[in-house]
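Some notes on the structure that comes next.
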Amino acid sequence: MAYEALLAGRPSRHQPDFPDRYLTFSRSYTVDLTHRCVRRCGYCEYRSDRGGLVGLDEVDTQLEEARRRGCREVLVMSGEQPWRLPDLGLGGEGEFVELVVEVCRRAMRLGLLPHTNVGLLERASLVRLKPFNPSMGLMLESATDRIPAHAMGGGKRFQERLRHLEDAGELGIAFTTGILVGIGEGESDRRTALEAIAASHRRHHHVQEVIVQNFVAKPGTPMAGHPEPSAAEMVRTVALAREVLPDSITIQVPPNLNFDAWGELVAAGARDLGGISANGDSVSPGRAWPEEVSLQVKARSLGYRLQERLPVYQETAADLRAAADQLRRELVGDEVTYVVNRNLNVSNVCVGSCKFCGFHRSSLRAKDAYFHDRATIFAKLEDAVARGATEVCMQSGLTPELDLVFYRELFAEIKGRWPQLHIHALSPEEIRYLSQISGRSIRDVIAELRDAGLGSMPGTAAEILVDEVRAILCPEKLSTGQWVEVMRAAHGLGVPTTATIMYGHIETADHRLRHLEVIRNLQRETGGFTEFVLLPFQVENNTLGKYFGIRQPLTLEDSLRFTAYCRLYFGAEIPNIQTSWVKLGPEGVRESLSWGANDFGGTLMEESITRMSGASHGQNLEPFEIEEAIRRAGRQPRERTTLYAPVEARPGPAPMASTRLA
């Protein structure tokens, strides 16, 4: 299934019909660089003739508050072309843009995502700002220059703003624009402006949202007595926007200006509430944002779910690579880490029925079924240690023979032989199964295994953490809430875990966003996730691919774009992003290193789960092969431990003799 078709909701054979009744918003914080402005628009109270440029110390204070309040978007604003005002002492547009870049860089270092809207800029300035902004914006406002609002001196010009929009499109910048309603324009002017936006988007596929914003009369401005547009006029304009704009462009209407009419506006086609700034609306300071709980209640009353998003939309076709790569650089530098490890699957016999799995066998009598005995397990481990492994990763099928006693004794014996070998083992589904067959609580199971030597757990069995998807993928598997329960218990007991996503099957873009939100929210609570691992769905050798007609896996480009989005989504909260060489191939992972990834994964030495689902990229990479791929990407390799510390010691030879594998 092509990524574009998936995100557009076009069904393949038997594609489930998931409801998509949700309204989005971005939790944001506004940093105003200056209220000084060369324009004099009749409706504006943002502009001031006093004051200067914000100090960087104040910016740092604001950014820290944004981080503390859980915001992801930083809306960077200013008056238009302040460098043209002599008393500010700016040496031109370039010097001002460097200030903007520095503010954006400081935001990124905290894992925040800048969205810059500082007025009209030259193309060179957009080029400079692009790596530091996942998205940017500029209101087109109107398609006519003959309106009182822009006749107060230094007025805005439609063609200049359209040129800015075109430049952003040619540069692949995800963009927000919009129109102002009721500033003296007519309906034909609104249509012309919307058609210009639509035409630009069809050329460049970069406009992610269009704001339909109503004029608000503000005391002390030249247009204080100008009539405001009625709710009915706003509804007509939203309907016009939905008619003119491509479906891929979301229509946004600010709720602080239209809260009472939101039902009609949603019915007309509005689906986004915009950036809800934690420190207020700089443009309309007299109109406070509704509380988030009020927005949730309002959304539910309309039959919708309120969904937080990033300032950049997952569905955008614009370029996410530059910003994701820059964010990676600001957060973790240019090193690329990897771990020398061995996969060890004790058995592929499983009572489960996951539709995407090509690994499981229903019994030992089935073709290719296996159950390794103790001698085989320890022969594999001794081979791994001899090859420099610092970690063993163990996941297996669900079968009564693999019970709590089995793993407790196995882990204790492994640690007895190799105290420095890290045991990274047991998915949340395996933990739940052990709890079920032992009659012990999740917490007791993890604590007992931890005491026996369990060092960390893989965050697999996550697939898509939305229960309507899980009901199809793996109806007998643990629910989203149960997955979170296991992870929360592990983190609380001092057992860190990874987090994963299996994507590219029947899920929608909304499902992916909700999945990421579940993981992010738990990370904010516990801080127990060490990394986020992206696992594209393997279409071969499983029921899911056959039943739903998923004949082609996602392309490498699709996975790279989603890797970039995940880097942007998690920011500093999960700084380590890993892609899978077993699924993408070593060259695919090498390419992902410029799309936000910073971890190459492990050597593996042996891999069964993905290979038995149809992957063909091999089972083992030697450390020198990983390091060579990393260097070809222009980056510096560094071997790590499971928990991302430098490797200072390796497990020594086992005190007991064992047969090394050939």
Side-chain angles (χ1 to χ4, degrees), residues 328-329 331-344 377-378 380-395 410-426 446 449-459 490-491 493-499 523 526-533 572 574-581 586 589 593 597-606 620-631 633 635-656 658 660:
R328 182 271 310 159
R329 184 175 295 110
L331 291 174
V332 296
D334 285 331
E335 283 188 338
V336 176
T337 50
Y338 71 95
V339 63
V340 179
N341 67 346
R342 181 179 193 117
N343 272 356
L344 202 165
I377 291 171
F378 280 92
K380 289 176 179 287
L381 289 173
E382 186 162 344
D383 173 72
V385 169
R387 294 162 65 179
T390 59
E391 171 198 300
V392 58
C393 178
M394 301 178 67
Q395 295 182 89
L410 177 62
F411 292 171
E413 188 172 352
I414 292 172
K415 297 299 282 189
R417 296 194 187 191
W418 300 286
Q420 292 177 313
L421 183 63
H422 185 98
I423 300 175
H424 179 69
L426 302 179
I446 297 173
L449 293 172
R450 177 202 61 192
D451 293 345
L454 178 66
S456 60
M457 290 167 48
H491 298 170
L493 290 165
V495 178
T497 73
T498 65
Q523 180 72 340
T526 68
F529 291 122
T530 58
E531 67 201 45
F532 182 75
V533 187
I574 304 182
N576 298 309
I577 304 295
Q578 179 189 126
T579 48
S580 170
W581 65 260
V589 172
L593 298 179
N598 70 298
D599 187 73
F600 211 96
T603 55
L604 302 187
M605 302 186 188
E606 178 181 6
N620 175 64
L621 282 181
E622 295 296 333
F624 79 87
E625 294 177 290
I626 292 177
E627 294 200 358
E628 182 180 275
I630 292 169
R631 289 192 176 97
R635 306 274 286 283
Q636 181 64 36
R638 177 176 69 82
E639 184 185 350
R640 62 167 173 87
T641 67
T642 305
L643 304 183
Y644 284 81
V647 175
E648 297 179 348
R650 298 184 189 279
M656 295 176 60
S658 182
R660 183 178 177 185

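The shown structure was predicted, so the numbers you read here are calculated from the model rather than taken from an experiment. The chain is numbered in sequence order, starting from 1.
Here the side chains of Asn341 and Met605 are not in contact, with every heavy-atom distance at 4.5 Å or above. Looking only at side-chain heavy atoms (C-beta outward), Val336 and Pro637 stay at 4.5 Å or farther from each other. Within the 4.5 Å cutoff, no side-chain heavy atoms of Gln578 are placed close to those of Thr498.
With rounding to the nearest 0.5 angstrom, the CD atom of Glu627 is 12.0 Å from the CG atom of Leu621. Between atom CG of residue Asn620 and atom CD of residue Glu606 there is a gap of 10.0 Å, rounded to the nearest 0.5 Å. Rounding to the nearest 0.5 Å places CH2 of Trp418 at 10.0 Å from CD1 of Ile423. With rounding to the nearest 0.5 angstrom, the CD atom of Glu413 is 9.0 Å from the CD1 atom of Ile377. A distance of 9.0 Å separates CD of Gln636 from CD1 of Ile630, quoted to the nearest 0.5 Å. Between atom CD of residue Glu628 and atom CD of residue Glu622 there is a gap of 12.5 Å, rounded to the nearest 0.5 Å.
Using a distance-only test at 3.5 Å, with no hydrogens or angles considered, no donor-acceptor pair links the side chain of Arg342 to the main chain of Val392. Judged purely by atom type and a 3.5 angstrom limit, Arg450 uses its side chain to pair as donor or acceptor with the backbone of Leu493. Remark: side-chain polar atoms of Glu391 are not paired, donor with acceptor, to backbone N or O of Leu421 under 3.5 angstrom. Although no hydrogens or angles enter the test, the distance criterion places no donor-acceptor pair under 3.5 Å between the side chain of Arg640 and the main chain of Val647.
Shown are Leu593, Asn576, Thr579; of these, the side-chain contact (heavy atoms from CB on, under 4.5 Å) with Asn598 is made only by Asn576. Applying the side-chain contact (heavy atoms from CB on, under 4.5 Å) test between Val339 and each of Thr641, Asp599, Thr390 identifies Thr390 as the sole match.
Between Arg650 and Glu639 there is a salt bridge, since a side-chain N of the basic residue sits under 4.0 Å from a carboxylate O of the acidic one.
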Requested in this report: Check step by step if side chain to side chain contact (heavy atoms under 4.5 Å, CB included) holds for Met394 and Leu410.
Outcome: CA-CA 11 Å; Met394 301 178 67; Leu410 177 62; 3.3 Å; yes

Report task. Give the C-alpha distance, both sets of side-chain angles, the deciding distance and a yes or no for side chain to side chain contact (heavy atoms under 4.5 Å, CB included) between Phe411 and Leu426. Result -> CA-CA 11 Å; Phe411 292 171; Leu426 302 179; 4.0 Å; yes

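Closest heavy-atom contact between Trp581 and Thr603: CZ2-O, 3.6 Å. The two atoms that bring Gly528 and Gln523 nearest to each other are N-OE1, 3.2 Å, heavy atoms only. Here the closest heavy-atom approach between residue Gly455 and residue Pro496 is recorded as O-CD, 3.5 Å. The two residues Glu531 and Tyr644 come nearest to each other via the heavy atoms OE1-OH, 2.7 Å. Of all heavy-atom pairs spanning Ala490 and Thr497, the tightest one is CB-CG2, 4.0 Å. The two atoms that bring Ser456 and Leu643 nearest to each other are CB-CD2, 4.3 Å, heavy atoms only.
Ring geometry for His491 versus Phe529: interplanar angle over 60°, hence perpendicular rather than tilted (30 to 60°).
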